[in-house]
Each structure stands twice: as structure tokens, then as C-alpha cells.
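Keep in mind that what you see is a predicted model, and the values were worked out from it rather than measured. Sequence lines set the chain letters: A, B, ... in the order given, protein chains first and strands last, and positions in each chain run from 1.
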Amino acid sequence: MSRSAAVESDQLYAILRRRGVLWPTADVYGGAQGLVDYGPAGAALKRHLEEAWAAWFLGVSPDFHRIDPAEILPEAVVRASGHLENFTDPEVVCDHCHAHFRAETVLEKARPEGVDGLSPAQIGELLTQQSARCPSCGSKELAIPRPFNLMFGFDFGATGRERAYLRPETAQSSYLAFARMWDVGRRRLPLGIATIGRAYRNEIAPRQVLFRMRAFTQAELQVFFDPEHFRPPFPTVADELLPVLRVDRRRAGAEAPDPTPARALVADGLPEFYVYFLVHVHRFLRDVLRYPADAIRFFEKSDAERAFYNRIQFDAEVRVESLGGFKELGALHYRGDYDLSRHSAGSGRDLGVTLGDGRHLVPHVLEITFGVDRNVWALADAGLSIADGRTVWRLPPYLAPTPVAVLPLIAEEHGRVADAWRAALGAAGIPAVSDDRGSIGRRYARMDEVGTPWCVTVDSETVAEADPARATATMRERDSRAQERVTLDTLLDRVRRGVVPPRPAAVELSG
RNA sequence: GCGGGCAUAGUGUAGUCUGGUUAUCACAUAGGCUUGCCAAGCCUAUAACCCGGGUUCAAAUCCCGGUGCCCGCACCA
């Protein structure tokens with residue numbers, strides 16, 4: 001997919017708004033920062049993207065299951081997960097260099113026991129008493145800290161005494177579901193728990209429309225496994241080239257990925273299971289979402305960059321021209337047994353399992369996470385081209401908001417037969433649209449812009465054929481603009497096959 | 001959150017500096033005529049000064065506040 005000129009972010013957003021893909025929430029009131037609404041085309045695209053993701057990743061193993069958990073978490077959960085603690089650490093802001101610090105970092109020497117339980121005013125007093133200096137620039141111009149929590153918290157229940165939070169990530173829901181799913185999944189490892197849903201963060205500065213939002217949709221797969229025995233069929237993917245950018249090459253200033261065989265990554269120390277899933281994520285981006293192969297890279301995070309509980313982390317990045325470079329669209333986190341251990345401690349319930357050989361184990365977790373909204377933008381960025389006054393959105397048929405449009409060449413003369421074709425598509429479960437307004441070229445153009453892969457034009461030849469089974473209409477393909485006369489049966493067959501998203505060959509994963 | 005820039009029909013814009021007729025143009029949308037397989041043409045119509053306050057005889061225009069957007073920094077457990 002190439003484009004004559006990069007589409008600007010504003011220009012892309014204008015097209016998306018105009019075509020009813022998405023717009024700011026409450027925009028008649030001036031908008032609400034960090035929130036967007038999806039219109040008909042966007043909602044369909046997003047839904048198709050989610051289904052394609054589920055088909056692909058649930059297709060990796062029959063032991064991967066999708067759940068749909070609640071979006072509200074009781075306080076005890078976010079306390080155990082560490083979100084409450086980490087988010088409520090008071091902040092100190094340096095007025096001189098604008099650096100932000102945790103209050104306890106600045107007051108380390110003066111108050112080694114930490115600042116828990118102190119009010120912002122008390123911390124402010126301490127800063128003055130101790131003549132605290134900015135750890136970054138040494139200035140004494142430290143602003144009075146103000147508590148800030150990235151979670152949306154609220155009173156829960158009629159008494160108002162309980163607190164609850166909108167989940168800041170969907171992963172927690174899957175960890176909480178593990179104990180139930182262990183039984184539902186017939187007590188086998190690996191066990192995959194997938195969920196697609198919204199997560200909420202009260203971001204300080206939402207930016208770039210779908211990239212830093214206050215309510216966003218994540219598609220996540222948590223794979224629970226036994227680190228000693230998890231053996232995916234690695235040889236089947238060993239030769240696949242992965243566009244990785246490893247920490248050592250990053251330190252040397254490299255930005256371009258280095259295509260590396262999967263087996264070389266394993267020889268270099270990465271676990272087979274991790275690389276196996278890296279391959280599946282790569283295939284999903286390249287073959288299912290069809291990002292240009294040279295626009296994908298796996299960006300390894302260093303010890304300092306990743307959260308302490310992540311043992312290995314590669315961000316799945318795609319070059320998004322409208323936003324000026326590579327953007328994180330997903331990631332693979334090897335989280336060890338951190339999450340289940342935390343929730344064991346927090347809930348008082350042992351979330352470890354006893355395996356067939358009698359061993360007791362807290363399963364490890366490989367988290368595969370995708371930002372659904374970000375991918376909607378990236379698909380628009382990668383697929384939309386504006387050239388010679390023609391705007392085309394090259395989306396795979398199974399992602400396109402509308403797979404097919406039925407167009408009567410002349411509304412009055414061909415409308416009835418066109419309606420019949422559209423009804424036949426509808427009866428086959430394919431949501432076809434029709435359009436009889438304006439010239440045929442204009443209608444093709446409208447469909448190109450929203451990514452409809454096929455247009456079917458009913459003409460006098462179609463109408464003249466007495467036997468409906470033998471009647472043909474023009475089937476026009478979006479990208480090539482090639483036309484071909486097809487019968488209704490042929491059309492149904494092609495469209496039906498086209499709208500099914502690819503899935504990997506299912507394999508039994510052991511361990 | 002800090003600094004800078006910006007906000008006019010569905011979309012992109014002219015007008016703002018220097019306050020003053022019915023707010024410009026294009027595309028899009030809707031109707032009519034015409035055409036009939038890749039955004040044709042002509043006619044017509046719908047449609048906007050982000051919100052609130054102030055200055056003034058008079059505010060899209062000047063001032064203040066709010067909201068939103070863009071860029072940089074910071075943040076993104």
C-alpha cells in the first residue's frame with residue numbers, strides 16, 4: 001500500500017468525521033477531551049477488527065476462551081494489582097524545569113518512612129521545611145503537590161461507603177477470572193483468557209484522537225502456562241523472519257527493524273513460547289490487518305523502560321505516517337507469576353493450581369495486548385490514499401464497514417432488480433447497502449472512500465434476463481477497478497468467502 | 001499539567017491585523033433538467049462566525065474567562 005503523499009492527521013480526521021466513522025463525544029457541546037464516538041462506519045469497522053482479532057488469536061488453540069467481564073472493579077482489586085498505590089502517590093512538580101516526581105522521591109532523606117497518610121498540605125510544608133530541591137535541576141521552586149489518580153473512582157452502592165473504579169486495563173478482569181476458568185477450561189495449561197472491552201484512564205493530556213484516550217478498547221489475551229513445560233510447536237515457525245529492533249541495536253542508534261529468523265531470537269535467549277507468539281502477532285499485523293510489511297516492527301523495551309513485573313516486552317509498532325512515525329499498537333508482555341501472586345495475596349485465596357504430576361504452581365502469564373482504537377486509526381492511515389482526486393480506503397473485505405454495495409445503473413429502470421439482489425445478500429447475512437443517487441462514477445467514489453471492496457451494478461442486461469438464476473450484473477473491485485459480470489450465486493459465494501477473517505490452523509499447545 | 005499556536009456551514013476555507021451592506025469560495029448534501037459503468041454539465045435549495053461575559057452607536061473582528069483542537073515538554077503505574 002503506497003500513497004502519493006502522506007495524509008495529514010487533520011485531513012485524515014476530517015475524512016473520518018465526514019464519512020461517519022468517528023467524531024468527538026458531545027461535540028455539540030464543544031467535545032469532551034479524550035473521548036470519541038464511533039458512527040455507523042466506525043462501529044462496523046471496529047466490530048470487524050475485534051472479530052478478526054478474536055478469530056485469529058482464539059484460533060491459536062482450542063484452550064483459549066473469550067470472556068466478557070464487568071468494567072467496574074471493587075477497590076480491593078486495584079489495591080492488590082498495585083494500581084491504587086501507584087496512582088495515588090502524591091506528585092511534586094518543579095516550577096523551574098517542569099519535571100514531575102513522586103513526593104517520596106523528593107523527600108527520601110527527610111522522611112525515609114515515606115509519605116503515606118500525609119495530606120498534600122502537610123507534604124507541601126515538609127518541602128519548605130526541608131528546603132527540598134528538584135532532583136533534576138536542583139531548583140527549590142517545587143509546587144505544592146496535588147494528588148492525582150489515573151483511575152476513575154466513584155462511590156459504589158447505596159451507602160456510599162464502598163469505593164469502586166473503572167478498570168484501567170482489561171487484563172485485571174482476566175486475572176480475576178482465572179480461578180473460575182481453571183475449572184471451566186478443564187484444569188489444563190496452557191489456558192488462554194481473551195477479552196475485548198473498554199478500559200478507562202483519566203489521562204492528564206489526551207492526544208492524537210485515538211491514541212491517548214480516556215475510554216479506549218483493548219483486545220487482550222492472557223495465556224496462563226507452566227514455565228517448565230510450555231512447549232508450543234516452535235519448529236513450525238522457526239524460519240519466519242521477524243522485524244525486531246532489539247535493545248542493543250537501539251543503543252547503537254538504529255531505528256529500522258532488523259529482520260531476524262525466529263530461531264535466531266531463541267538462540268539469543270528468548271524463550272520459544274515467547275517467540276512463537278511474536279510470530280503470531282506478526283502474522284496478524286501483516287496478513288490479517290495487512291499493514292505493509294515494511295511498516296511493522298517489534299520494539300524491545302529495556303529493563304529501565306518496562307514495568308518491573310514484565311520480564312520481556314516487545315511493543316508491536318506500525319509506522320503511522322499521519323502521526324509522524326512508529327506507534328505502539330500492541331505489545332507482548334511476559335509477566336511471570338506477578339499478577340496471580342498479587343491477587344492471591346490480596347484476596348487471601350490461593351490462585352495457584354495443582355497439576356497432574358502433583359506439583360503446585362502459580363501459572364505464569366504471557367499477555368498479548370492490542371489497542372483496538374489505535375488500530376482503527378492505523379488502518380485508516382495505512383489504507384487511505386488520496387491520489388488524482390480519488391480517495392480510496394483499501395481495507396480487507398472482512399474489515400470493511402460494508403462489504404458490498406448494490407447500485408442500479410438507472411434508478412427508475414433497474415431499481416427493483418437491484419433491490420432484489422440486495423435482499424438476497426441480506427438474506428445470506430451480508431449487510432449490503434444500495435445507492436441510486438448521482439452518476440455511477442460518483443457512487444463508486446463514495447464507496448471507495450469508506451472502503452467497500454465490491455460494488456455490483458445492475459443494468460438493462462440484468463433486468464432483461466428472464467431467468468433470475470442466469471441474470472448477471474457487473475461486479476467491480478475497489479482496488480483494481482476491474483469489472484466482471486457475475487450471477488447472483490457467484491456474487492454471494494465470493495462475498496461470503498471474502499468476509500470471513502483468516503484464522504491460523506488450530507494446534508494443541510502443551511504445557 | 002507547563003509553554004506556544006489555533007477555533008467561520010457536513011468538509012476545507014476568505015474575511016479578523018485596520019470593528020460598519022445580505023459573511024466569501026470550493027467540495028459535499030438535497031431537488032430539477034440532462035447523461036447512463038468510474039466524482040460530467042446547467043439551474044435551484046439547505047447549511048456556519050466554539051461557549052459565556054465585557055468594551056462600543058455597532059463585534060466573526062478588540063478585551064477577559066471557559067471549552068476543544070494542534071505542536072513541543074512532562075506524564076503514560
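Summarising the geometry, the separation between CD1 on A/I15 and P on B/rG12 is reported as 10 Å, rounded to the nearest angstrom. Look at CD on A/E413: it is 11 Å from P on B/rU35, rounded to the nearest Å. The distance from atom CG of A/D436 to atom C1' of B/rU35 is 16 Å, rounded to the nearest whole Å. Following rounding to the nearest Å, A/R390 (CZ) and B/rC37 (P) show an atom-to-atom distance of 18 Å. One can place CG of A/L12 at 15 Å from P of B/rU11, the figure rounded to the nearest angstrom. Summarising the geometry, the separation between CZ on A/R18 and P on B/rA39 is reported as 16 Å, rounded to the nearest angstrom. A/D435 has its CG atom 14 Å from the P atom of B/rA28, to the nearest Å.
Heavy atoms of A/R443 sit under 4.0 angstrom from at least one base atom. At a threshold of 4.0 angstrom between heavy atoms, the contacts of A/A14 are confined to the sugar-phosphate backbone, with no base atom among them. Here A/E477 lies out of heavy-atom contact (under 4.0 Å) with every strand. Within 4.0 Å of A/Q483, counting heavy atoms only, lies at least one base atom of the nucleic acid. Across all strands, A/R207 comes closer than 4.0 Å to base atoms (heavy-atom distances). As judged by a 4.0 angstrom heavy-atom cut-off over every strand, A/T474 is placed among the base-contacting residues. Among the atoms of the strands shown, base atoms are found under 4.0 Å from some heavy atom of A/Y309. Base engagement by A/I410 is indicated by at least one non-hydrogen atom pair under 4.0 Å involving a base atom. Within 4.0 Å of A/R476, counting heavy atoms only, lies at least one base atom of the nucleic acid. When heavy atoms are screened at a 4.0 angstrom cut-off, A/T25 is found touching no nucleic acid atom at all.
For A/D10, counting side-chain heavy atoms from C-beta on, the closest listed nucleotide (B/rG10, B/rC76, B/rC70) is B/rC70.
With C1' as the reference atom, B/rG41 and B/rA7 are 37 Å apart, rounded to whole Å. Using atom P as the reference point in both B/rC43 and B/rC27, the two lie 12 Å apart (nearest Å). Across the P atoms, B/rA9 and B/rU55 are found 28 Å apart, a figure rounded to whole Å. Rounded to a whole angstrom, the distance from the P atom of B/rC70 to that of B/rA60 is 28 Å. Between the C1' atoms of B/rC69 and B/rA30, the separation comes to 31 Å (whole Å). Atom name P, nucleotides B/rA47 and B/rC64: the rounded distance is 34 Å, in whole Å. Distance noted for atom C1' between B/rC38 and B/rA48: 33 Å (whole Å). To the nearest whole angstrom, the two C1' atoms, one in B/rC51 and one in B/rU67, are 7 Å apart.
Evaluated for a side-chain contact (heavy atoms from CB on, under 4.5 Å) with A/V458, the options A/T474, A/T472, A/V406, A/L409 yield exactly one hit, A/V406.
Within the structure, a side-chain polar atom (N or O) of A/R17 is placed less than 4.0 Å from OP1 or OP2 of B/rG12.
No hydrogens or angles considered: a donor-acceptor pair under 3.5 Å links the side chains of A/W377 and A/S322. Neither side chain, A/E220 nor A/T195, offers a donor N or O lying under 3.5 Å from an acceptor on the other.
One can find a donor-acceptor pair under 3.5 Å joining the base of B/rC37 and the side-chain atoms of A/D459. Residue side chain A/R212 reaches the base of B/rC75 through a donor-acceptor N/O pair under 3.5 Å, judged by distance alone. The base of B/rC37 lies close enough to the side chain of A/Y444 for a donor and an acceptor atom to sit less than 3.5 Å apart.
Panel note: side chain A/S344, backbone A/L351; a donor-acceptor pair is recorded below 3.5 Å.
Toward the 5′ end of RNA chain B lies the nearest nucleotide of A/G438, the other residue of the pair A/G438 and A/E169 mapping further downstream.
The aromatic rings of A/Y274 and A/F314 are tilted relative to each other, their planes meeting at an angle between 30° and 60°. A tilted orientation is assigned to the rings of A/Y175 and A/H343, their planes being inclined by 30° to 60°.
With values rounded to the nearest 0.5 angstrom, A/M447 atom CE is found 10.5 Å from A/R476 atom CZ.
In this entry B/rA14 has no Watson-Crick or G-U wobble partner, no candidate having both defining distances under 3.5 Å.
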